[in-house]
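One structure below.
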2 protein chains.
Amino acid sequence: MKLKDNIPCPEKLRATKDAVDVINGKWRIPIIISLSYGKKRFGEIQRDVATISPKMLSKELRELELNKLVTRTVYDSKPVYVEYALTPLGKSLDKLLQELLSWGGKFRKEIISKN
Amino acid sequence: MKLKDNIPCPEKLRATKDAVDVINGKWRIPIIISLSYGKKRFGEIQRDVATISPKMLSKELRELELNKLVTRTVYDSKPVYVEYALTPLGKSLDKLLQELLSWGGKFRKEIISKN
DNA sequence: CGGAATCCCAGATGATACTG
DNA sequence: CAGTATCATCTGGGATTCCG
């Protein structure tokens, strides 16, 4: 068995590593999904990703910003108003998210529910 | 911005979590990619995924087996001959892998190479 | 060859309290 | 509201050695 293209193993390893590094961890994907429904405030994301602590949310948002997947906009009002949103690059994860969603459904149907 | 389907956020969170749990970590995807080129022995995978320690390879293979992504076959010869291969479920990660590969390439082009 | 056993550490994550 | 600070814990992962 072999994938249809002819990319040798070592090259695949490197290319997929870049992607995995970005979505790796317990919180990245949930946060991105929350933002895929539109720009949101810190507290709104925290409500979506119900069990995340403020420390982790803050840290992950900073890393997503560094990787240019998310923008952070501060409106100088009182009290401060901060808004997070996906960049075009962040939105380009769309297809990958769909695949995760679809494969996750398949996996649950075939494995998890049978245990 | 919103994904094209109408699945509400909480349901997406659960479905993608299943998928992420399976591919999460530093080694899962590399191991699966190695096996996507055909069934292999312990030492062969270790050579493909060059920097992995035997402890981690052993541990990850066991977890992949538990999740029915990989089979482990022992041939009772001397010395023992052990073979690992992807199950159909494991092979069904194909599309996801392609997306990781393609998005990883995009990410490198847009971000990593500009730093 | 295909691991298991052991020791060890950095970093990931959690809980909670606090601040501008 | 949007975080930061602090302390505690838990786990991934590395290095090394040993075994049938």
Side-chain angles (χ1 to χ4, degrees), chain A residues 13-14 16-17 19-35 37-67 69-86, chain B residues 13-14 16-35 38-67 69-86:
Chain A
L13 261 32
R14 196 214 56 176
T16 53
K17 182 183 186 311
V20 171
D21 282 351
V22 168
I23 67 169
N24 215 339
K26 193 173 177 182
W27 303 118
R28 304 272 172 91
I29 295 289
I31 291 170
I32 291 169
I33 290 181
S34 168
L35 287 176
Y37 286 86
K39 49 191 181 179
K40 290 190 172 167
R41 306 179 61 171
F42 191 92
E44 292 180 297
I45 306 174
Q46 203 175 7
R47 264 190 300 285
D48 280 351
V49 189
T51 59
I52 195 173
S53 70
K55 186 182 84 175
M56 288 308 295
L57 180 52
S58 171
K59 177 194 163 205
E60 297 296 295
L61 282 170
R62 260 181 273 128
E63 282 166 12
L64 290 172
E65 208 190 339
L66 270 176
N67 283 337
L69 300 186
V70 163
T71 58
R72 176 178 187 271
T73 311
V74 182
Y75 296 94
D76 207 1
S77 58
K78 255 180 287 186
V80 286
Y81 189 94
V82 182
E83 206 168 68
Y84 293 91
L86 290 183
Chain B
L13 261 32
R14 197 213 56 176
T16 53
K17 181 182 187 314
D18 292 342
V20 171
D21 282 350
V22 167
I23 67 170
N24 212 342
K26 192 174 176 179
W27 303 117
R28 303 273 172 90
I29 295 288
I31 291 171
I32 291 169
I33 290 181
S34 168
L35 287 175
K39 48 191 181 179
K40 289 189 172 167
R41 305 179 62 175
F42 191 91
E44 292 179 297
I45 306 175
Q46 203 174 6
R47 265 189 299 285
D48 281 351
V49 189
T51 59
I52 194 171
S53 70
K55 185 184 88 174
M56 287 310 294
L57 181 52
S58 170
K59 177 192 164 204
E60 298 296 295
L61 282 171
R62 260 181 274 128
E63 283 166 12
L64 290 173
E65 206 190 340
L66 271 177
N67 284 337
L69 301 186
V70 163
T71 59
R72 176 178 187 271
T73 312
V74 182
Y75 297 94
D76 208 359
S77 59
K78 257 179 286 184
V80 287
Y81 188 95
V82 182
E83 205 168 68
Y84 294 91
L86 290 184

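Throughout, protein chains are lettered first and strands after them, A, B, ... in sequence-line order, and every chain is numbered starting at 1.
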* **Sub-4.5 Å side-chain heavy-atom contact between A:Leu64 and A:Ile31** => yes

* Rounded to the nearest Å, what distance is computed from the CG atom of residue B:Asn24 to the C1' atom of nucleotide D:dT11? -> 12 Å

* Lys/Arg N to Asp/Glu carboxylate O, A:Glu60 vs A:Lys26, below 4.0 Å -> no

* Asked: Per the end-axis method with five pairs at each terminus, what is the bend angle of the helix from C:dC1-D:dG20 to C:dG20-D:dC1, to 10°?
  -> 50°

* Would you say A:Val20 and B:Ile23 make side-chain contact, with heavy atoms under 4.5 Å? -> no

* To do: Round to a whole Å and report the spacing from OH of A:Tyr81 to P of D:dG3.
  => 12 Å

* To do: Please determine if a side-chain N or O atom of B:Arg41 lies less than 4.0 Å away from the OP1 or OP2 oxygen of C:dC1.
  => no

* Asked: Counting any heavy atom closer than 4.0 Å, what does A:Arg72 reach on the DNA or RNA strands: base, sugar-phosphate only, or nothing?
  -> sugar-phosphate

* Identify, between B:Ser58 and B:Arg47, the residue whose nearest nucleotide on DNA chain C lies closer to the 5' end. => B:Arg47

* Any side-chain heavy-atom pair from A:Leu69 and A:Arg28 closer than 4.5 angstrom? -> no

Nucleotide N/O to protein N/O under 3.5 Å, stretch nucleotides 12-18 of chain C:
from: C:dT13; atom 1: OP1; to: A:Lys26; atom 2: N; distance (Å): 3.2
from: C:dT13; atom 1: O4; to: A:Lys55; atom 2: NZ; distance (Å): 2.9
from: C:dG14; atom 1: OP1; to: A:Lys26; atom 2: NZ; distance (Å): 2.4
from: C:dG14; atom 1: OP2; to: A:Trp27; atom 2: NE1; distance (Å): 3.3
from: C:dG14; atom 1: N7; to: A:Lys55; atom 2: NZ; distance (Å): 3.4
from: C:dG14; atom 1: O6; to: A:Lys55; atom 2: NZ; distance (Å): 2.2

* Figure out the CG/P separation between A:Leu57 and D:dA2, and round it to whole Å. => 10 Å

* Asked: More than 12 non-hydrogen atoms from neighbouring residues, nucleotides or ligands closer than 6.0 Å to NZ on B:Lys17, yes or no?
  -> no

* Asked: Separation of A:Asp21 atom CG from D:dG13 atom P, in whole Å?
  -> 11 Å

* Within the pair B:Arg62 and C:dA4, is there a side-chain N or O less than 4.0 Å away from OP1 or OP2? -> yes

* To do: Scan B:Tyr84 against the nucleic acid and name what it touches under 4.0 Å (heavy atoms): base, sugar-phosphate only, or nothing.
  => sugar-phosphate

* Asked: Just how far, in rounded Å, is C1' of C:dC1 from CD of B:Glu83?
  -> 14 Å

* Asked: Between atom CZ in B:Arg28 and atom C1' in D:dT11, what is the gap in whole Å?
  -> 13 Å

* Are side-chain heavy atoms of A:Leu61 and A:Trp27 found at a separation under 4.5 Å? -> no

* Where does the angle between the aromatic ring planes of A:Tyr84 and A:Phe42 fall among parallel (under 30°), tilted (30 to 60°) and perpendicular (over 60°)? -> tilted

* Distance in Å, B:Ile32 CD1 paired with A:Thr16 OG1, rounded so as to fall on 0.5 Å steps -> 10.0 Å

* Nearest-nucleotide comparison on DNA chain D, the residue closer to the 5′ end among A:Glu44 and B:Val80 -> A:Glu44

* **Contact check, side chains of B:Val82 and B:Arg41, non-hydrogen atoms, under 4.5 Å** => no

* Asked: Can you check the B:Ile29 CD1 to D:dG12 P distance for me, whole Å?
  -> 16 Å

